[in-house]
Protein chains: 2
Amino acid sequence: MAGATRPERRRRSDGETRRAAILDAALEIFSTRGLHGASVDEIAERAGLSKTNLLYYFASKEELYVAVLRRVLDIWLDPLEALDAEAEPADAVRRYIRAKLALSRDAPQASRLFCLEIVQGAPLLRAELEGPLRSLVEAKAAVIGGWIARGRIAPVDPHHLIFSIWAITQHYADFAIQVDAITGRGLQDPDFFARTVASTEALILAGLGLRQTDA
Amino acid sequence: MAGATRPERRRRSDGETRRAAILDAALEIFSTRGLHGASVDEIAERAGLSKTNLLYYFASKEELYVAVLRRVLDIWLDPLEALDAEAEPADAVRRYIRAKLALSRDAPQASRLFCLEIVQGAPLLRAELEGPLRSLVEAKAAVIGGWIARGRIAPVDPHHLIFSIWAITQHYADFAIQVDAITGRGLQDPDFFARTVASTEALILAGLGLRQTDA
DNA sequence: GTCTATATGACGATAGAC
DNA sequence: GTCTATCGTCATATAGAC
């Protein structure tokens with residue numbers, strides 16, 4: 001009875017950490033190879049177990065893919081929910097831009113997998129997009145509309161404003177290879193990150209008719 | 001000798017139209033399924049011939065993919081080259097935005113295939129990005145820098161400006177599914193297209209410190 | 001839970017007749 | 001140039017021992 005591992009409960013729930021490791025590895029592979037380009041073998045190797053063993057935790061490649069995608073979607077929706085109607089418009093927008101760029105820096109693979117899925121038509125996410133995401137965007141578009149009505153910002157199209165912020169901030173994750181090929185740098189570089197935040201804030205705030213304190 | 005088809009020259013070079021049809025079909029399939037998700041069978045069917053017959057024109061799937069990608073890259077690089085140093089900055093930028101958005105409307109699949117390739121790391125395009133594209137961007141960044149030096153526009157970071165324009169304009173092609181899920185519309189809709197052009201121009205020109213005549 | 005087979009099917013590519 | 005038939009490969013998924 002000495003040092004034997006008790007099957008019922010080791011140092012921590014082993015299954016959970018196993019699953020988490022698989023999900024991490026899967027995100028990495030799926031985001032660079034796509035669903036069809038990725039092989040279960042490769043993901044398993046990256047996660048440090050065998051293919052058959054992986055398929056013990058996730059019954060199929062598609063099931064694993066969906067699990068990864070669901071996780072990514074949660075991460076993705078999060079920052080927008082924080083856009084606050086009560087805050088000063090400039091502050092709220094600035095915070096949102098920073099949060100999105102930080103996400104592009106810290107979770108580029110999640111951004112890329114999301115991008116791949118959307119570009120390919122998102123057969124799996126369609127429902128999520130038309131339901132929760134659409135509702136959330138409508139709510140936030142109304143917030144922006146309220147700012148306009150009260151004369152706090154210039155009369156912009158709220159939807160296009162949101163799309164523009166998404167497009168710019170995600171560009172630095174999704175097209176990181178291209179940005180690097182052209183500038184030799186990326187968001188990992190603190191100086192480049194700061195400049196990107198500043199440029200994006202300046203552009204968007206100018207678009208809202210809110211002058212910057214200057215650069 | 002009446003209506004028989006002369007093998008040497010029919011109504012038009014048949015091989016060329018065949019190849020073009022294959023390339024069109026391949027763009028369609030590759031841009032929605034990705035390289036690995038697409039099957040030669042599917043492309044052949046879409047192009048109206050058999051799999052073996054397709055492989056008579058293109059020796060392998062990869063060869064076909066590269067041919068499609070090369071075509072896409074040409075389309076993609078084109079509009080930026082037109083950015084004119086001598087023109088009025090506002091006019092030049094407006095023209096560029098319109099050209100890019102028109103491309104997103106008229107060749108969304110090309111944009112999507114390019115996006116897929118870049119997001120996945122562009123092993124094939126790396127050289128093109130670091131060579132011709134980088135040079136082109138440097139040249140155009142210098143044009144923008146010249147405008148700034150002469151006090152024609154606000155002092156923005158030329159690279160980030162270019163990236164922002166790319167990001168916004170391509171977003172409407174690459175994330176068309178998402179845009180549609182949220183707004184129920186897309187660039188095909190003339191009214192939506194016009195609004196998108198107006199919003200994007202207003203945003204970018206404001207960022208350059210160039211006031212609009214209003215909307 | 002993890003392993004060693006192995007079943008199964010899809011797909012890229014080739015051979016060879018016409 | 002186009003067809004039919006087929007080969008070979010790879011990868012998902014399962015069976016069953018430990």
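Side-chain atoms are counted along with the backbone in the values below, which use heavy atoms only and exclude waters and symmetry mates. Numbered from 1 within each chain, the chains take letters A, B, ... in sequence-line order. If you're wondering where the values come from, they're calculated on a predicted model, not measured in any experiment.
For B:Trp147, the ring-ring contact (aromatic ring centres under 6.0 Å, His included) test picks out no residue, with sequence neighbours left out. By the side-chain contact (heavy atoms from CB on, under 4.5 Å) test, B:Leu116 pairs with A:Leu116, A:Val119, A:Gln120, sequence neighbours left out. Residues forming a ring-ring contact (aromatic ring centres under 6.0 Å, His included) with A:Phe58 (at least two apart in sequence, or on another chain): none. The side-chain contact (heavy atoms from CB on, under 4.5 Å) check on A:Glu117 picks up A:Tyr65, A:Leu69, A:Ala122, A:Pro123, A:Leu124, A:Leu125, with sequence neighbours excluded.
Among residue pairs with one or both ends in residues 135-146 of chain B, those qualifying as side chain to side chain donor-acceptor pair (under 3.5 Å) are B:Glu138-B:His159; sequence neighbours excluded. The side chain to side chain donor-acceptor pair (under 3.5 Å) analysis of residues 20-45 of chain B, with sequence neighbours excluded, yields the pairs B:Asp24-B:Arg71, B:Glu28-B:Arg46, B:Arg33-B:Glu42. Residue pairs meeting the ring pair (Phe, Tyr, Trp, His ring centres under 6.0 Å) criterion with at least one partner in residues 116-145 of chain B, sequence neighbours excluded, do not occur; the list is empty.
Not one side-chain nitrogen or oxygen of A:Ser39 sits closer than 4.0 Å to the OP1 or OP2 atom of D:dA11. A:Tyr56 has no side-chain polar atom (N or O) that falls below the 4.0 Å cut-off from OP1 or OP2 of C:dC3.
Between B:Arg33 atom CZ and C:dG12 atom P there is a gap of 13 Å when expressed in whole angstrom units. If you take CG of B:Leu54 and C1' of C:dG12, they are 11 Å apart, rounded to a whole angstrom. At whole-Å resolution of the value, CD in B:Glu45 and C1' in C:dG12 are 17 Å apart. When rounded to the nearest whole Å, the span between NE2 of A:His36 and C1' of D:dT12 equals 13 Å. C:dC11 atom P lies 16 Å from atom CG of B:Leu64, rounded to whole Å. Counting to the nearest Å, the P atom of D:dT14 and the CZ atom of A:Phe58 are 15 Å from each other. Between A:Glu42 atom CD and D:dA11 atom P there is a gap of 9 Å when expressed in whole angstrom units. A:Asp14 places its CG atom 10 Å from the C1' atom of C:dG1, with the value rounded to the nearest Å.
Listed by residue number, there are no residues of residues 22-32 of chain A with a heavy-atom contact under 4.0 Å to DNA chain D.
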Identify all pairs in which a protein N or O lies below 3.5 Å from an N or O of nucleotides 13-17 of chain C, and state each distance.
| from | atom 1 | to | atom 2 | distance (Å) |
| --- | --- | --- | --- | --- |
| C:dA13 | OP2 | B:Lys61 | N | 2.8 |

In residues 76-85 of chain B, what donor-acceptor pairs under 3.5 Å come from side-chain atoms, sequence neighbours left out?
| from | atom 1 | to | atom 2 | distance (Å) |
| --- | --- | --- | --- | --- |
| B:Trp76 | NE1 | B:Gln170 | OE1 | 3.3 |
| B:Asp84 | OD1 | B:Glu86 | N | 3.0 |

Do any side-chain atoms of residues 190-197 of chain B form donor-acceptor pairs under 3.5 angstrom with protein atoms, and if so which ones, sequence neighbours left out?
| from | atom 1 | to | atom 2 | distance (Å) |
| --- | --- | --- | --- | --- |
| B:Asp191 | OD2 | B:Arg185 | NH2 | 3.4 |
| B:Asp191 | OD2 | B:Arg195 | NE | 3.4 |
| B:Thr196 | OG1 | B:Phe192 | O | 2.7 |

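Here the straight-line distance linking atom CG of A:Leu187 with atom CZ of A:Arg105 works out to 8.0 Å at 0.5 Å rounding.
Residue B:Ala44 is classed as having no contact, given no heavy-atom separation below 4.0 Å to the nucleic acid.
Between the side chains of A:Asp174 and A:Ser111, at least one donor-acceptor pair of N or O atoms lies under 3.5 Å.
Across its full length, the helix from C:dG1-D:dC18 to C:dC18-D:dG1 shows an angle of 0° between the axes of its 5 terminal pairs at either end, rounded to 10 degrees.
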